[in-house]
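What follows is a short report on a single structure.
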There are 2 protein chains.
Amino acid sequence: MMPPRTLASAAAREPDPSRRNNLSLLTSLVHHHGVLSRAQLTRHTGLNRSTVGTLIGQLVTLGLVYETAPAGEGQVGRPSPNVHPSPSVAALAVNPEVDAVTIGLVSLGGKVQKKIRFDTERIPSAREAVNIASAVIAGMRSELDTSYRITGIGMAVPGLVNRDDGVVRHAPHLGWRNEPVARMLSEATGYPCQAANDASLGAEAELIFGAGAGQGNLIYLNGGASGIGGGIISDGQLLRGASGYAGEIGHTFVRSGGKSCHCGATGCLETEVSQSRLLELAGLSRGDTADLEKALATSSSAEVNDEVARQLMFLDIALRNAVNIFNPEAIVLDGFLGTLYALAPESVDGVLLSQAMDGPAGQVKIYRAALGSDLMMIGAAELAFTPFLADPAGLGTTTRTAPAAG
Amino acid sequence: MMPPRTLASAAAREPDPSRRNNLSLLTSLVHHHGVLSRAQLTRHTGLNRSTVGTLIGQLVTLGLVYETAPAGEGQVGRPSPNVHPSPSVAALAVNPEVDAVTIGLVSLGGKVQKKIRFDTERIPSAREAVNIASAVIAGMRSELDTSYRITGIGMAVPGLVNRDDGVVRHAPHLGWRNEPVARMLSEATGYPCQAANDASLGAEAELIFGAGAGQGNLIYLNGGASGIGGGIISDGQLLRGASGYAGEIGHTFVRSGGKSCHCGATGCLETEVSQSRLLELAGLSRGDTADLEKALATSSSAEVNDEVARQLMFLDIALRNAVNIFNPEAIVLDGFLGTLYALAPESVDGVLLSQAMDGPAGQVKIYRAALGSDLMMIGAAELAFTPFLADPAGLGTTTRTAPAAG
DNA sequence: GCAGAATTGTTCTAGACCCAAACATATTAT
DNA sequence: ATAATATGTTTGGGTCTAGAACAATTCTGC
């Protein structure tokens with residue numbers, strides 16, 4: 001009879017929860033900070049330095065981090081080596097939009113190694129978006145297999161996404177309904193895949209690497225061609241809600257008797273504050289946020305100014321609500337909402353201070369987004385990094401399954 | 001030379017984080033469920049049954065739980081003894097209101113052992129409220145010292161409370177501003193004291209013991225004589241925000257050009273939906289929620305019905321916003337908001353389903369609050385139980401300091 | 001330059017803790 | 001009554017972390 005556990009299989013034994021937890025802590029710190037000395041890691045974790053030594057040794061052996069010679073300057077005492085995230089550990093990111101599908105490769109530490117934008121003639125269907133993504137990934141396959149260890153694929157979708165099963169419940173601007181995109185892409189590529197709302201992932205990216213770095217409570221609002229999306233971080237955690245739908249600040253009520261919205265209600269922020277109306281008034285029949293920013297900075301039309309003031313007023317109402325409800329440290333405005341804010345920052349700050357409640361309003365700061373076009377890639381990749389970071393030593397176990405034929 | 005750690009002092013050594021975490025897990029489970037068999041605890045925690053045996057043994061020795069003979073019915077196999085929270089472990093609860101200060105004694109498991117309502121002639125000042133509370137507690141002192149182990153005092157205040165330092169930033173209906181009530185009561189009684197917003201604590205109480213039991217995401221809204229308070233639970237955690245001010249759903253914007261509110265804005269839920277206006281229209285010059293419920297159930301006045309419909313409309317808007325932003329599983333309505341809801345539940349449910357977004361609206365359920373008048377006591381006590389539950393074995397270390405003279 | 005202080009890596013040991021296995025116990029099913 | 005099932009109890013082993021002692025490396029003061 002075979003003994004229940006041979007020596008060979010013992011190598012794959014999973015570690016104690018305590019060890020897993022500590023490895024997770026260290027890996028996450030390195031991922032979020034980019035570089036940290038071993039001494040800094042010791043202080044951040046509160047672990048003994050002998051323990052940190054052992055753990056880092058294991059992470060180096062696993063190829064998840066590497067150490068470099070200490071800079072050796074300024075400090076008294078023996079210099080501490082720097083610990084870096086391994087660039088060969090990476091996640092794939094996919095972001096379907098109305099006019100393109102962008103695929104990215106993001107390595108540990110949040111560095112975007114590759115970004116490929118595939119412009120589409122028309123709005124892509126879910127099947128088309130999956131096909132485009134899997135084709136691009138197939139093209140990178142040999143490089144991925146030789147030079148990277150891929151933790152999985154994260155997909156950032158502009159719409160309501162059930163985070164548990166990766167089904168897009170409704171993406172109005174893409175015209176998708178009940179599309180199981182995570183499963184589709186997973187079957188097409190063989191990589192584990194997860195999907196979430198794009199603005200939620202943007203919030204996470206800005207929290208970890210961007211304007212809100214270090215804050216525990218922030219609200220991220222993104223205004224784009226297809227409306228306003230939002231993500232909320234509370235106590236360092238993204239608000240998910242029962243099914244991962246949380247964060248739809250774009251559908252905050254801001255006006256009695258306002259226009260009716262595709263969501264079924266009236267007077268939503270998204271219908272009253274829109275980029276397309278601003279573009280129109282600025283005389284830009286077609287254009288994106290960058291064009292708008294230029295046009296508004298130079299425009300002196302009263303009509304444009306009135307519309308800007310009107311939209312700012314509604315934005316103020318939504319922000320006031322959000323501040324009262326969440327008491328955040330920071331609000332990060334991205335896309336054309338950042339543009340709007342930049343036109344009258346003192347006014348927005350002032351209205352917020354006077355209209356929101358005493359306590360919460362006093363400490364909130366408004367920022368423009370910092371990560372630019374890499375944001376969605378970083379956020380989507382984070383979706384694939386999260387399970388890896390929870391159990392870094394278990395990476396080898398989630399092997400890629402064979403992709404479906406066809 | 002003395003050795004660095006004598007045998008005598010070794011007895012007070014603190015356990016490993018792992019042990020502390022497991023003890024915390026078990027104690028919390030017993031506290032929240034009231035009674036659980038050891039077998040159930042084994043399943044819930046995922047720990048080995050030998051480990052659970054050791055841990056329960058330690059908790060019994062510490063006097064935090066006790067075991068009773070198994071019921072012995074139905075199940076195959078050896079019966080598993082029941083584990084109960086010790087009623088001698090308790091927290092004090094204090095709830096100042098405009099017309100009274102209520103002091104309670106709540107034992108582990110959320111059982112209210114005592115509740116003393118001290119009616120005041122006029123609105124109590126912070127100092128008066130503290131004096132009343134400390135006097136009542138002084139009266140119970142001998143009983144507390146002999147029969148209970150007190151984890152601390154929790155204070156539920158109707159207003160903005162900074163949870164970190166226990167300072168009431170602003171309680172408009174009490175007329176308090178920047179009152180360090182937690183420190184005041186702690187100095188007066190010698191017990192550690194924490195303070196928080198009353199509705200936030202109500203939300204936690206309803207989550208753990210009441211209508212939302214078992215849910216991870218719920219919104220609690222309470223309507224009383226002094227306005228509308230709210231608390232939000234996300235992923236099993238109360239939303240605190242940067243300073244513990246989060247949850248002010250009462251100041252959601254629901255009406256353009258609405259009345260101005262004491263908070264500085266206009267069109268707040270709290271100004272448009274108010275108990276006092278309903279009482280007035282119902283012909284009750286003075287009265288509370290119970291009176292209102294009776295009056296509305298029998299009233300056939302068109303004026304009253306119109307006002308009810310109007311208030312329900314605004315409540316709908318606030319609920320729609322909240323559902324879009326939080327994607328909760330449950331909304332719990334307390335006070336006169338529960339009364340309002342009971343007048344037309346299908347209508348509210350229907351409006352919510354059509355006005356809120358597809359995904360989040362589909363799964364939310366609205367409940368009336370379940371805990372009644374014990375709610376505030378249980379919620380406030382939870383504030384004092386939380387640090388205890390995080391480290392149950394450390395209870396003995398937080399000894400009461402000598403109360404200030406006077 | 002050189003001695004001393006300061007800080008951190010490294011090695012070794014011991015203690016805490018959890019799990020698994022074997023055994024014991026109590027109840028239901030046949 | 002006997003078997004099956006579920007659970008408490010005891011014991012031994014392996015993992016993991018902290019702590020102490022020592023080594024390494026840099027800065028400071030003279």
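Computation of the quantities below employed the complete heavy-atom set of this structure, encompassing side-chain atoms and omitting hydrogens, waters and symmetry-equivalent molecules. Proteins come first, then strands; the chains are lettered A, B, ... in the order of their sequence lines, and each starts at number 1.
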If you check every side-chain atom of [X], which of [options] has the closest atom?
X	options	answer
B/V76	C/dC18, C/dA6, D/dA4	D/dA4
B/R78	C/dT27, C/dC17, D/dT7	D/dT7
A/D16	D/dT25, D/dT15, D/dT17	D/dT15

Answer yes if the side chains of B/N48 and B/S50 hold a donor-acceptor pair under 3.5 Å, and no otherwise.
yes
Can you find a side-chain donor-acceptor pair between B/S243 and A/Q363 that sits under 3.5 Å?
yes
Between [atom2] on [N] and [atom1] on [X], what's the gap in Å once rounded to a whole number?
X	N	atom1	atom2	result
A/Q75	C/dA5	CD	P	19 Å
A/N21	C/dC18	CG	P	14 Å
B/R20	C/dC18	CZ	C1'	17 Å
A/Q58	D/dT17	CD	C1'	13 Å
A/E67	C/dT10	CD	C1'	13 Å
A/I56	D/dT17	CD1	P	12 Å
B/L55	C/dC18	CG	C1'	9 Å

DNA chain D contacts made by residues 36-52 of chain B, counting heavy atoms under 4.0 Å
B/R38, B/A39, B/R43, B/R49, B/S50
Any ion pair linking A/D374 and A/K111 (charged N to carboxylate O, less than 4.0 Å)?
no
Are any of the side-chain nitrogens in A/D391 or A/R19 under 4.0 Å away from the carboxylate oxygens of its partner?
no
According to a strict under-4.0 Å criterion, is [X] in side-chain N/O contact with OP1 or OP2 of [N]?
X	N	result
B/T54	C/dC17	no
B/N22	C/dC17	no
A/R19	D/dT17	yes

Hey, does B/V60 have a side-chain heavy atom less than 4.5 Å from the side chain of B/V65?
yes
Which part of the nucleic acid does A/P81 contact within heavy-atom distance under 4.0 Å: base, sugar-phosphate only, or nothing?
sugar-phosphate
Passes salt bridge (Lys or Arg N to Asp or Glu O under 4.0 Å), B/R163 versus B/E204? Steps please.
CA-CA 14 Å; B/R163 203 155 176 170; B/E204 283 195 309; 3.6 Å; yes
If you take the centroid of each ring, where Trp contributes its six-membered ring, are A/F209 and A/H31 closer together than 6.0 Å?
yes
